[in-house]
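Pasting a structure here, questions to come.
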Amino acid sequence: MSDIKELDIHGWEKVYVKELYGGYLAIIAIHNTNRGPALGGCRFFHYDNHPAKQMLALEDALRLSRGMTYKAAAANLPLGGGKSVIIRDFYEPIPGVRRNLFHSFGDFVESLKGKYITAEDVGTTTDDMVYVYERTSHVVGLPEEQGGLGDPSPVTAIGIAQAIKWFTENHFKKDPKDISVLVQGLGKVGWYLMEFLNEMGYRLLYTDVSQKKIDMAKEKYPDAQYVQPDDVFDVEVDIFSPNALGKVINHETVDKIKARVVAGAANNQVENRHVAQRLHERGILYAPDYTINLGGLTLVYYEYEHRQGKIDSKDKAKEIAIEKTKENVWKNLDEIIPLAIEKNISPYILADEIMEKRWK
Ligand code: NAD
C-alpha cells in the first residue's frame with residue numbers, strides 16, 4: 001500500500017488515493033462498513049480539466065459513497081457504502097491503455113482486501129469491469145458469461161411496481177384498474193415498468209422524448225395515453241412515476257403537479273429537501289427514490305454471493321434478488337409513509353433518519 005495515500009475525512013472511514021497506469025488519478029472513498037463491505041460504482045470522468053478537478057472528483061466520491069451507505073441500508077443488505085472516481089482528460093484512452101488502466105484499478109481494489117467492491121458507473125463499461133475482474137474478484141455487474149446475472153433494470157422496475165402496488169393498497173385502497181399511472185421515461189427501467197403495470201391492470205399514461213420509444217409504446221399499448229413531455233404536470237393522474245431524469249420535481253414544478261403520489265426510479269428526482277417538504281405540504285406522498293430503486297443493487301449483491309459459491313445457481317440468485325427487492329420496498333414504505341403522515345414531515349427527510357438507524 002506504499003504508493004497509496006490515505007486521507008482522513010470526518011464522517012468517512014477512509015479515503016484512498018492512487019496514481020494508476022498512464023498517470024490517471026483514482027480515489028476510492030469508503031463511507032461506512034458497519035453493515036459489510038462498501039459497494040459502489042467506479043466513475044471515469046474528465047471534470048472539464050478544471051484546475052480543481054481533484055477536489056471535484058473527491059467531492060463526487062464522498063457524496064456518492066455516502067449515498068450508497070443509505071441505499072445499502074434501504075436494501076437491507078450486508079453492505080456499506082463506497083464509491084470510486086478515476087479522473088480522465090478530454091480524450092478517450094486508446095484501447096490498450098484502457099485495459100492496462102483498469103488492470104491497475106483492479107490492483108488498487110484488490111489491495112483493499114474486499115473492503116471495497118466496485119461496479120460499472122458513469123463513464124465505465126462492462127468491458128472495463130471484465131478488465132478489473134482479471135485482477136480482483138471484488139467487482140460486480142459482470143457479463144453473464146463471467147458469472148453476472150444480466151441487466152439489473154427489470155429488477156429495478158419490479159421494485160417500482162411493488163411501490164406502486166403499496167400505495168394502491170394502503171393509500172388509495174382501490175383496484176389497479178381504478179388507478180392511473182403516468183410513466184415518465186420508457187428507457188431500460190420505464191419500459192419494463194410499463195409491462196409490469198399493464199399486467200397488473202393499471203390505467204397507463206406515458207411520455208418520452210424519443211419518437212422511437214413513443215412509437216413502440218403506441219403499438220404495444222394502444223389503450224394507454226401518450227402525454228407530451230412538457231405536459232406531464234398538466235394531466236390529472238393518481239401516480240406520477242419519474243424514470244427519466246433527476247430534479248424533475250423542483251421549485252418550478254412542485255406547485256403544478258396534480259398526482260397524489262410520486263414513485264419512480266430516477267435518482268434525485270426531487271431537487272432538495274425544501275421541494276420535498278413543499279410536496280408534502282401539498283398532501284402529495286413521495287416514495288424516496290433510493291428506498292424503492294434498490295433492485296439493481298440487490299441483484300448485483302446476489303451475483304457476488306453466487307460467485308462466492310454461497311448460492312448454487314444463477315437462477316436461484318436472481319429469484320432471491322427479486323423476492324428481497326419486493327420485500328424490502330414494501331417494508332421501507334410500511335416504515336416511512338405512515339410515520340411521515342403522523343409526524344407531518346416529508347418522507348424524503350424521514351427516510352434518511354430511518355436508514356441511519358440501520359447502519360449507525
Ligand atoms: P435510460 O437512459 O435507459 O432511460 C431514460 C429514458 O428517459 C429514455 O428513454 C429517454 O429518452 C427518456 N427521457 C429523457 N429525457 C426525458 C424527458 N424530458 N421526458 C421524458 N422522457 C425522457 O435510463 P434507465 O436505466 O431506465 O434509468 C432511469 C432512471 O432511473 C435514471 O435516473 C437512473 O439513474 C435511475 N436508476 C436506474 C436503475 C437501473 O437499474 N437502470 C437503477 C436505479 C436507478
Side-chain angles (χ1 to χ4, degrees), residues 39-41 43 60 63-64 67-68 70-72 74-75 77 81 83 119-126 140-141 148-164 181-197 204-218 220-221 224-235 237 240-250 252-253 256-257 262-271 287-303 318 321-322 325 328-329 332:
L39 192 149
R43 206 159 259 210
D60 260 359
R63 177 175 54 83
L64 296 165
M68 287 308 297
Y70 285 79
K71 189 160 177 170
L77 293 168
K83 201 83 185 183
E120 192 180 326
D121 199 85
V122 176
T124 51
T125 65
T126 318
V140 290
L149 298 183
D151 182 7
S153 312
V155 187
T156 303
I158 286 172
I160 308 304
Q162 182 77 344
I164 288 172
V181 185
L182 170 52
V183 177
Q184 183 190 44
L186 304 179
K188 292 190 288 293
V189 177
W191 187 259
Y192 284 108
L193 181 62
M194 283 286 284
E195 196 174 309
F196 301 146
L197 296 178
L204 294 175
L205 297 89
Y206 62 90
T207 186
D208 202 292
V209 288
S210 148
Q211 193 56 46
K212 190 173 156 221
K213 299 271 173 63
I214 298 165
D215 291 345
M216 282 164 61
K218 277 188 179 158
K220 191 163 180 198
Y221 306 106
Q225 183 189 333
Y226 167 66
V227 176
Q228 296 277 353
D230 291 342
D231 295 345
V232 284
F233 297 110
D234 298 330
V235 288
V237 282
F240 174 54
S241 182
N243 299 283
L245 314 161
K247 300 184 183 172
V248 278
I249 302 178
N250 52 48
E252 281 178 27
T253 60
K256 295 186 191 155
I257 183 164
V262 176
N267 285 318
N268 308 315
Q269 55 194 260
V270 173
E271 189 177 20
D289 49 9
Y290 75 89
T291 67
I292 65 168
N293 72 7
L294 47 81
L297 176 65
T298 307
L299 187 75
V300 295
Y301 172 74
Y302 285 101
E303 167 194 323
K318 215 166 174 170
I322 290 171
T325 297
N328 288 313
V329 166
N332 288 342

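Quick note: numbers below take in every heavy atom, side chains included, and nothing from hydrogens, waters or symmetry partners. Whatever order the structure lists ligands and atoms in, that order sets their numbers, starting from 1.
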Considering heavy atoms of the protein only, find what lies nearest to atom 35 (C) of ligand 1 and give residue, atom and distance to 0.1 Å.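 I find the closest protein heavy atom is Ala265 O, 3.4 Å.
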Which is it for Gln269 and ligand 1 at heavy atoms under 4.0 Å: side chain, backbone, both or neither?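 Near ligand 1, Gln269 shows nothing, with every heavy atom at 4.0 Å or more.
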Can you check whether Ala321's main-chain N or O pairs, donor with acceptor, with Thr298's side chain at less than 3.5 Å?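 No, because the side chain of Thr298 does not come within donor-acceptor range (under 3.5 Å) of the backbone of Ala321.
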Do Asp208 and Pro229 make a side-chain contact, defined as non-hydrogen atoms from C-beta onward lying under 4.5 Å apart?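 In short, these two side chains do not touch, never coming nearer than 4.5 Å.
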Contact atoms of ligand 1, heavy-atom distance to Asn243 under 4.0 Å: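 Going through ligand 1 atom by atom, the ones under 4.0 Å from Asn243 are 5 (C), 28 (C), 29 (C).
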What distance separates Asn267 CG from Asn243 CG, expressed to the nearest 0.5 Å?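 Rounded to the nearest 0.5 Å, the CG-CG separation comes to 10.5 Å.
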Minimum-distance protein heavy atom relative to atom 18 (N) of ligand 1: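 Here the closest protein heavy atom is Leu245 CD1, 3.6 Å.
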Please could you name the atoms of ligand 1 that Leu186 approaches to less than 4.0 Å, counting only its heavy atoms?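 By the 4.0 Å cutoff, the relevant atoms are 9 (O).
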For ligand 1 and Asp208, I'd like to know whether there is a polar contact (N/O to N/O, distance under 3.5 Å).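 Yes - when backbone and side-chain N and O of Asp208 are compared with those of ligand 1, one distance drops under 3.5 Å.
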Hey, is ligand 1 close enough to Val189 that some N/O pair sits below 3.5 Å?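 Yes: some nitrogen or oxygen of Val189 is under 3.5 Å from one in ligand 1.
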Considering both backbone and side-chain atoms of Ser210, is one of its nitrogen or oxygen atoms within less than 3.5 Å of a nitrogen or oxygen in ligand 1?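 So ligand 1 has no N or O lying under 3.5 Å from an N or O of Ser210.
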Answer yes or no: is there a side-chain heavy-atom contact under 4.5 Å between Val183 and Leu205?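 Counting from C-beta outward, Val183 and Leu205 never come under 4.5 Å.
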Mind checking whether Gly296 has a heavy atom under 4.0 Å from ligand 1?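 It does not; every heavy atom stays at 4.0 Å or beyond.
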Please report which non-hydrogen protein atom sits nearest to atom 29 (C) of ligand 1, along with the residue it belongs to and the distance in Å to one decimal place.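 Residue, atom and distance for the closest contact: Ala266 CA, 3.7 Å.
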Can you tell me which residue and heavy atom of the protein come closest to atom 2 (O) of ligand 1, and the distance to 0.1 Å?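 Nearest protein contact, heavy atoms only, for atom 2 (O) of ligand 1 is Lys188 NZ, 4.3 Å.
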Ignoring hydrogens and angles, state whether a donor on the side chain of Asn293 or Lys71 is under 3.5 Å from an acceptor on the partner side chain.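 Side chains of Asn293 and Lys71: pair found under 3.5 Å.
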What distance separates Leu64 CG from Asp121 CG, expressed to the nearest 0.5 Å?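 Answer rounded to 0.5 Å: 7.0 Å.
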Atom 19 (N) of ligand 1 [closest protein heavy-atom partner, distance rounded to 0.1 Å]: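 Nearest protein contact, heavy atoms only, for atom 19 (N) of ligand 1 is Val209 CG1, 3.8 Å.
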Considering non-hydrogen atoms of the protein only, which is the closest contact for atom 33 (C) of ligand 1, and what is the distance?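 That would be Asn267 ND2, 4.0 Å.
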Would you say that Glu120 contacts Thr126 through its side chain, given a criterion of any heavy-atom pair below 4.5 Å between the two side chains?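 Yes - at least one pair of side-chain heavy atoms lies under 4.5 Å apart.
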Should the pair Lys83-Asp60 be classified as a salt bridge under the 4.0 Å nitrogen-to-oxygen rule?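 Between Asp60 and Lys83 there is no salt bridge, as every charged N stays at least 4.0 Å from the carboxylate O atoms.
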Among all protein heavy atoms, pick the one closest to atom 31 (C) of ligand 1 and tell me residue, atom and distance.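 Protein heavy atom at minimum distance: Ala244 O, 3.8 Å.
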Looking only at protein heavy atoms, identify the closest one to atom 4 (O) of ligand 1 and say how far it is in Å.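 Checking every protein heavy atom, the shortest distance to atom 4 (O) of ligand 1 gives Gly187 CA, 3.2 Å.
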Can you find a heavy atom in the side chain of Ile249 that is under 4.5 Å from one in the side chain of Glu271?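 No, side chains not in contact.
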May I ask you to say whether Glu195 pairs ionically with Lys220, meaning some side-chain N is under 4.0 Å from a carboxylate O?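 A salt bridge links Glu195 with Lys220.
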